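Since the structure is predicted, the reported quantities are computational estimates derived from the model, not experimental observations. Atom set for the values below is all heavy atoms of this structure, side chains included, hydrogens, waters and symmetry mates excluded. Numbers restart at 1 for each chain; the letters A, B, ... are given by sequence-line order, proteins then strands.
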Amino acid sequence: MQLKFLQFRSSGAAPKVLEIVDRYDVECVPPSFRSNKLEYIKDSSIPKNCSRYLQVNKHMKAPIYIYYQLDNYYQNHRRYVKSRSDKQLLYGLKYNYTGSCSPEDANNGLPIVPCGLIAWSLFNDTYSFFHGADALKVNRKNIAWESDRNHKFGKHVYPFNFQNGSLIGGALLDPAIPLSDQEDLIVWMRTAALPSFHKLYGRIEEDLHADEILEVKILNNYNTYSFGGRKKLVLSTSSWLGGHNNFIGIAYISIGSSFIFIALVFMLLHVKNPR
Amino acid sequence: MAGGGIRAKIRRSSLYTFSCYRPRTSEEEGPHDIQGPGYSRMVYCNQPHLHEQKPLKYRTNYISTTKYNILTFLPKAIFEQFRRVANLYFLLAAILSLTDVSPFSSVSMIAPLAFVVGLSMAKEALEDWRRFIQDMKVNLRKASVHKGDGVFGNRPWMKIRVGDVVKVEKDQFFPADLLLLSSSYEDGICYVETMNLDGETNLKVKRALEVTLPLDDDATFKDFNATIRCEDPNPSLYTFVGNLEYDRIVYPLDPSQILLRDSKLRNTAYVYGVVIFTGHDSKVMQNSTKSPSKRSRIEKQMDKIIYILFSLLVFISFISSIGFIVKTKNDMPNWWYLRPPDKNNLFNPNKPLVSGFYHLITALMLYGYLIPISLYVSIEVVKVLQALFINRDIHMYDEETGTPAVARTSNLNEELGQVDTILSDKTGTLTCNQMDFLKCSIAGAAYGTHASDVELAAAKQMESGNAFGQSEIELETVVTSTDENERKPAIKGFSFEDSRLMNGNWCKEPNADVILLFFRILSICHTAIPELNEETGDLTYEAESPDEGSFLVAAKEFGFEFCKRTQSTVVVRERYSSFQEPIEREYKVLNLLDFTSKRKRMSVIVRDETGQILLLCKGADSIIFDRLSKNGKAYEEATTKHLNEYGEAGLRTLALAYKNLEEAKYSAWNEEFFKAKTSIGGDRDVMLERVSDMMERDLTLVGATAVEDKLQKGVPQCIDKLAQAGLKLWVLTGDKMETAINIGFSCSLLRPGMKQICITATNEATLSQDPEKSVKENILMQITNGSQMVKLEKDPHAAFALIIDGKTLTYALEDDMKHQFLNLAVDCASVICCRVSPKQKALVTRLVKEGTGKTTLAIGDGANDVGMIQEADIGVGISGCEGMQAVMASDFAIAQFQYLERLLVVHGHWCYKRIAQMICYFFYKNIAFGLTIFYFEAFAAFSGQSVYVDWYMLLFNVVLTSLPVISLGVFEQDVDSEVCLQFPALYQQGPKNLFFDWYRIFGWMGNGLYTSLIIFFLNIIIFYDQAFRAGGQTADMTAVGTAMFTCIIWAVNCQIALTMSHFTWIQHLFVWGSVTTWYVFLAFYGELSSALDENAFRILTEVLAPAPIYWITTLLVTIACNLPYLAHISFQRSFNPMDHHIIQEIKYYRKDIADRHMWKRERSKARQETKIGFTARVDAKIRLLKGRLQKKYSTMSASTVIQHQT
C-alpha cells in the first residue's frame, strides 16, 4: 500500500528543511531493458552503473542526510520481522540456535551469520556524489543508533557463510569487518513500520549551494522490480523536529481552530438561550 | 432444670377453651404402619454408639454451606472461571500462543490470563472461607448432651449424633430435629418459636407422648432405651410419620412431638429430646434451597456487549484474512525478500486458503485486545471494594444490636441502583412486632397525649415542607408533645401519657366507674400468663399476641396488676390511688370465648368477688358496635370519632364492652355451650360459634384502645424517601387484612381519602355447579371493576390502593388472570397483600419481576420471606432480629428497614453509576487500543504482525489502565451521600438506566473508534518516513509503536480523568501514576537484555525522549482524542444538564449555603411525583384544606379565588 496521500511536499511551508528527491529505479534501467526490468536486474553480467544529476534549488546547510526510500516493500511482514536472531547478532557462532531465522538459517549444514531474511535481503545500491569532477565526501559512520552498535551487534562477530547459497539476496558483507561496524546492516535491521520507508545512507558534511548540480553515481543493484517497488534517493536537511514534516503544524493549527470554533458555537448558543 | 426454675404448675393447655376438650384422635389410632421405601430410618435412642456403623451411620450434625472444599477447590473454581466466554477465549488463545500461529509470545498471552483468573479465584476462595467460618460458628455452638449415667455435658453441635439425648433450655435453639420426650411442664408441653422456619412469631405448642413424661430429670436417662422407626429425611416441615418403641410397646409419633432444628424453645424452662435427624438430614436443611445465583441487569447487558465485540473481532479477523489471502496469493510470489513459499504453510502463496485459515486464528488472537480480559476481574475487585464500603458504612450500622450492613454477594451492588419495586414483608421488617399502648377512649373521653410516629413525622414534615398556607394547616396539625426530655424511662409496650389517668388520678374523672370497668376488662379479658422475674420481682406476661401483652402492661401501670392465673381464676392486684395498698381481687373465670380471625373478638365470663357474673368482651370496633344494646350506645358517637382519629394516626384499635349476666340465664347458656364444646364432628366449630354469638349480644360499650404497632425506627421517613425516589412499595404480609391496613396507614402507604380497592374472594358457597369457577369470575369482575375505576378517575391527585388477601391471590395469580391483576396493581399507588403464604410471596414477586420486566427488591426478616428473597432480583434480609434464615438467603443484610434508604439511594445509586461508567470506559479503552492493531495490519500486508512490543500489550490491560478504572469504580460519586439523600429523585437515573443504555454504550464505542483512528493515523503520518530526530534518524517499527502506545496511555488516562467527577488523592495517584508507570516501565524495560530482541533497547532514553517531536505528538494526539468528549460534556452541562449536573454546580458555587431558598426549591422540585408516603399525605391534606378554604372564600366573596400551585 502506498502512502501517497500522506506525502506533503510543499516546499515553502517549512523553509528550514529542504529536500531533494530523485526517483531512479526506472531511469537507471537501460532503455532496451525497460520492458523487462526483471531480466536486467537479475543478470549480473550487465553493469548496473547509472548517473543521475540533481539540481540544488536552495542553499542547503550541512549536514545533509542521504536516504534511500523504498516503496511497496513490506519490511513489517510478520515472516520478515521474525526472521532474525538477535542473540546471534550479539554472540555470533557461540549462539547456535538459529531456528527463528528460517528459511535463511543455515547453508550447507553451516550456520549463517548474520542469519535470517532481513540480513539476507540487505539493500545493496550504492551512491557516490560528485561536484563536477570532485567527489563529495559522504560520511557513512554513525548512521545507526549508538546502542545498536554497542550492545546489539557483536564487536567480535564477523559475517560467516553469508550469501553463500544458491540464491543471493542482497548485499554481501565484508567478512573482515565485525557486525558492530557494518552500519548499513544495522540500519537495515531496524525494520520499518510501514511499506514505504526512508533509511539513512550517510551524511554530506558540507553545504550545498543554490543552483549547484550534483552528479550521483548509482550502482543500481537492488531488485525492487519484481514487486514494482520504487526506489528514490532523498537528500534532506533536518531541523530540531527532524525531517520535512509540515503535518504536525497543520494538525496543531486545526485542533486549535476547532477549539475556537466550538467555543464560538457554545457562546452563540449561550447567548441565544441562556440557562 | 433440676434446681428450681420456673415450674409452671398449671396445665396451660386448658386455657385453650376451644381445643381443650377436643379428643386427641391420634391417640386412638394404632401405631403407623411403617414399612417400605421412604421409611427406613431407625433411631436407637440414647445409644448413639449404635449409629457409628453402616447402615445406621447417618449424616453427622456438621453442616456446610460452602461451595468448595480443599480438594475440589482447584478443579471446580477453574471450571467456574472458564465458563465465562471471554475467559474461555483467552484460554484457547493462550494455548495457541504456544504454536507458530501466534502473533505474540506465549508469556504475553498466559501471564495476564493467569493473573486475572488467579485473582478471581482468590476472591472465590475468600468468600467461601467466610461461609466456612459462619458454618463453623453454628457447628461449634454448645448443646447439653447426655454423656451416660445420667450425666449431661456440653458438646458442640457438630458432634451431636443421631440417638443422643439432648437437653435444651429456654431460649436456646434446637441443635437438630428432636423427638420431644418431656419438658419442664408436667404435661409435657413446650412452646416453640418457629420464626426461623416459617416467620410466624406466635408460639407453637408441642406435646410429648404420655409414656415419656416421667423422663424429666437428668438421672432418669441413665437406663433409658427406645427405638424410633420413622420416615427418611425429607423437606416437609409439617409432616412426620414414625413410631416409638418403648418398653416393648409401640407408640405412634406425629409432628407435634417433633422439635425442628433452628426453632427455639420459649416459655419453657427446659426440654429433653432425642436426636432423630442431624445436619443436612434435618428438615430445615433439607428445605434450604441453594440460593440461585443472580446476575445484575448491567452484567447481562454487558454480556451482550461482549458478544458484540466478539462479533466485531470475528468480523475484522475475517476481513484481515481475506486481505491476507488476496495479498498472499497475488503479491507474495513477487516478494522475493520473503523467500516464498513457506514450508510451514503459514505464508504459502500456493496454498492461500490453508495459510488463510492459519491467519484467521492468528488474527483472532491478535485482535483479542478488543475483548477486555481484565473486565471481569476488575469488576469483581471493584464490587468487593464497593461491598466493603457498604459493610463499613457507619450510617447503616445498628448500634443497638451491633450489626453492620452486609453485602453477602457483591454481584448485585449496581442492581441496587435500578430497583423499581420493593416488596416488603411487614412483621419484623416494617414493624418491630411490639405493641405500645398509646391512647384510649373511655366513656366518650379521649385520653393519651403522646403522638404516634405517624403524627410526629407528619407534623415534622409540615413544619419543614411548606411555607405557604402554614396558618391553615397548623390549625389542624396534631399538637405533639414537645416535652421530650420530661419523658419517663420507657416501659416496653407502654407509651401512654396522660396525667388524668395516671397515678390513680382517674378516680377524680367524671366517669370513674366506667374507667374502672375499662381497666378491669384490660386486666381480665385475655389468655396470658404472668411470669415472675426473680431478679427484679417484676411480672412479665407471656401473651399470645403482643396486643394483649401491651394491654396487661397498661393495666399494670394504671394500677390493675394481673398477678396470678390458676386453672379457673384470675387474680388482679388493684390499687386505686398511689397512696393505697393494693387489694388482691380474685375473679373466677367461667368461660373463655376464644379469639379467631373470623370472630374478631374474644370474651371472658367471670364471677367477681361479689358473685356478679360479668361478660367482658374486646374486639374489632365494627363487630362490637353491632352487638351493643340500646342502652349501651351512650358513648358510641364519641368513641367512633376517636376511633377514626386513631385509625388516621395509624393505630390499631379495639373496642371494649361488657354486660352483666343473670345467674339463671348464664347457666342455661352454659349448658348449651358445654354441649357444643364436647360435640364431635365437623360442625363443632360452627356450633361453638353460634353459641358464643348468642352470648355476646346486648353489650354496653366502655371504650376503645389504641395500640401502636410500633414501626421500626425511621420506617415512615424511609418509605417517604423511597416514594420520592420513585420506588413502588408492595407490602406482602401473612397478617390479617385489618392489621395490614392499619400498618398501611401507619407507614403512610394508605391514607384517608385514598380509594381502596379491596379484592376478596366471596366466602359463601354459591349454588352453581362450579363454585371454583364462579369465585374466579367474581374476582375477575372485581379486578376489572377496579381497573375501570382507576381509568375513569379524573382527579390527577387521586390515589388508589389495592388490598388483596391470600385466598384471592391464589386465583389472581393463575395464568389467565395474573396479567389483569398485575395491570391493576401497577396502576395503584400502593399494594397490600395480606394473608399470603411464603410461596405466594415468591409468586407475587415473580409476577412483578416478569410481568413488568423491572428490577424488584424483596425485603424480609423471616424464613417465610426466603422464597420471595430468592425470587426477587435483589433479596434483602433484616439481620437485626435473631432469625438468620432470611439473611442466609439474602443478597444484602441490613439491621433495620430504614437503612434500605441509604442502601438504595446512596450506595445503589453510586454503584450503578460506577459500574456503568466503568464498563463503558472498559469498552472504550479496549476498542481504542484494539483497533489500532487492526489498522496497522492493513499496512503490514495483513501478515499478523503487531506494531507494539508484546510486553506493552501485556501490561496494557493489567497494569497501565487497570487501576484508574478501578478507582473510578470504587470511589466515583456524582454527588455526595448527603445530597443523594436530599434529592431522592436522582435515584431515578438508575431505573431509567440513563447511564447504560445503548445510546451511551454506542457513544462510548464511537469514542473508542474515534480515538483509535486519531491515535493511529496521526502517529503514522508524523512518523512514517521522515526523520524524527535532529540527527536524521528515521523511526523504525518499535519507535512508531512506542510513540503510538504512549499516546494511547495518555489518551485513555486523560479520558478517565475527564469522566471522573470526584477526585481524591487516590484517583490522582492512580491516573497520573499509571502514566508515570508507563514511562518508568519503558525506561526500565529499555535497559533489560530482553529488550534487545524487540528493538526496544533504550527506546525511551536513547531514541524517543530526546526527540521533541515525540512529546509534541503525544500532546497533540491526547488533546485531539479527548476533544469530542470534552465538547460533548461541555454541551451537555451547559445546554442540556442532567439533574446531578445542576446539583454539582450548585454545590460547587456553594449556592446551597449562600442561597438556601434556591436549594430548597431545587429539592422540592427534585422529588418524584408520589402518591404514597408522608409527603403525599401532607400534600393531600393541604389540598383538602385548600379546597375547604376556597369554599369558604368563595362563599364570602365570589371574586376572591385563591389559586395555589402544588
| Can you name the nearest heavy-atom pair linking B:Ala1030 to A:Tyr65, along with the distance? | O-OH, 3.2 Å
| field | Nearest heavy-atom neighbours spanning A:Tyr74 and B:Ala941 | value | CE2-N, 3.5 Å
| With sequence neighbours excluded, residues passing disulfide bond (SG atoms under 2.5 Å apart) with A:Cys101 | A:Cys115
| task | Please work out which of the three classes, parallel, tilted or perpendicular, describes the rings of A:Trp120 and B:Trp336, given edges at 30° and 60°. | result | perpendicular
| task | Measure up the A:His151 and B:Phe1097 rings against each other and bin them: parallel (under 30°), tilted (30 to 60°), perpendicular (over 60°). | result | tilted
| In terms of heavy-atom pairs under 4.5 Å, which option from B:Val1103, B:Asp331, B:Leu1126 contacts chain A the most? | B:Val1103
Can you tell me how far [atom2] of [Y] sits from [atom1] of [X], rounded to the nearest 0.5 angstrom?
| X | Y | atom1 | atom2 | answer |
| --- | --- | --- | --- | --- |
| B:Arg1098 | A:Ser147 | CZ | OG | 6.5 Å |
| B:Gln1033 | A:Trp145 | CD | CH2 | 4.0 Å |
| A:Asn246 | B:Ile1021 | CG | CD1 | 12.5 Å |

Side chain, backbone, both or neither: which part of [X] has a non-hydrogen atom closer than 4.5 Å to chain B?
| X | result |
| --- | --- |
| A:Phe227 | both |
| A:Ile118 | neither |
| A:Phe153 | neither |
| A:Asn142 | neither |

Taking [Y]'s backbone N and O only, do any of them form a donor-acceptor pair with [X]'s side chain (distance below 3.5 Å, no angle check)?
| X | Y | result |
| --- | --- | --- |
| A:Asn245 | B:Phe1028 | no |
| A:Ser121 | B:Tyr337 | no |
| A:Arg78 | B:Ser943 | yes |
| B:Thr1034 | A:His198 | yes |
| A:Asn76 | B:Phe939 | yes |
| A:Arg79 | B:Arg339 | yes |
| A:Tyr73 | B:Trp335 | no |

[X] atom [atom1], neighbour heavy-atom count above 12 within 6.0 Å:
| X | atom1 | result |
| --- | --- | --- |
| A:Trp188 | CH2 | yes |
| B:Tyr1010 | OH | yes |
| A:Lys61 | NZ | no |
| B:Lys329 | NZ | no |
| B:Tyr358 | OH | no |
| B:Phe357 | CZ | no |

| B:Gln945 and A:Gln75: side-chain donor and acceptor closer than 3.5 Å? | no
So which of [options] has the biggest tally of heavy-atom pairs under 4.5 Å with chain B?
| options | result |
| --- | --- |
| A:Lys199, A:Met189, A:Glu104 | A:Glu104 |
| A:Leu200, A:Leu241, A:Val187, A:Asp148 | A:Leu241 |
| A:Ser238, A:Ser226, A:Ser239 | A:Ser226 |

| Toward chain A, the part of B:Phe1131 with a non-hydrogen atom under 4.5 Å | both
| task | Would you mind checking which part of B:Ala1107 comes under 4.5 Å of any heavy atom in chain A, side chain (CB onward), backbone (N, CA, C, O), both or neither? | result | neither
| If we only count heavy atoms from C-beta on, is the B:Phe347 to A:His77 side-chain gap below 4.5 Å? | yes
| Minimum side-chain heavy-atom gap B:Ile1109-A:Ile248 below 4.5 Å | yes
| For chain A, which residues from residues 1110-1120 of chain B have at least one heavy atom closer than 4.5 Å to it? | B:Ile1112, B:Thr1113, B:Leu1115, B:Leu1116, B:Ile1119, B:Ala1120
Which donor-acceptor pairs under 3.5 Å do the side chains of residues 254-268 of chain A make with protein atoms, sequence neighbours left out?
unit_1: A:Ser254; atom_1: OG; unit_2: A:Ile250; atom_2: O; d: 2.7
unit_1: A:Ser254; atom_1: OG; unit_2: A:Ala251; atom_2: O; d: 3.0
unit_1: A:Ser257; atom_1: OG; unit_2: A:Ile253; atom_2: O; d: 2.5
unit_1: A:Ser257; atom_1: OG; unit_2: A:Ser254; atom_2: O; d: 3.2
unit_1: A:Ser258; atom_1: OG; unit_2: A:Ser254; atom_2: O; d: 2.9
unit_1: A:Ser258; atom_1: OG; unit_2: A:Ile255; atom_2: O; d: 2.7

| said: Working note: A:Phe247 + B:Leu1018, criterion side chain to side chain contact (heavy atoms under 4.5 Å, CB included); need CA distance, chi angles, decisive distance, verdict. | reply: CA-CA 9 Å; A:Phe247 177 76; B:Leu1018 288 191; 3.3 Å; yes
| remark: Sequence neighbours excluded, the answer for side chain to side chain donor-acceptor pair (under 3.5 Å) partners of B:Asn330 is none
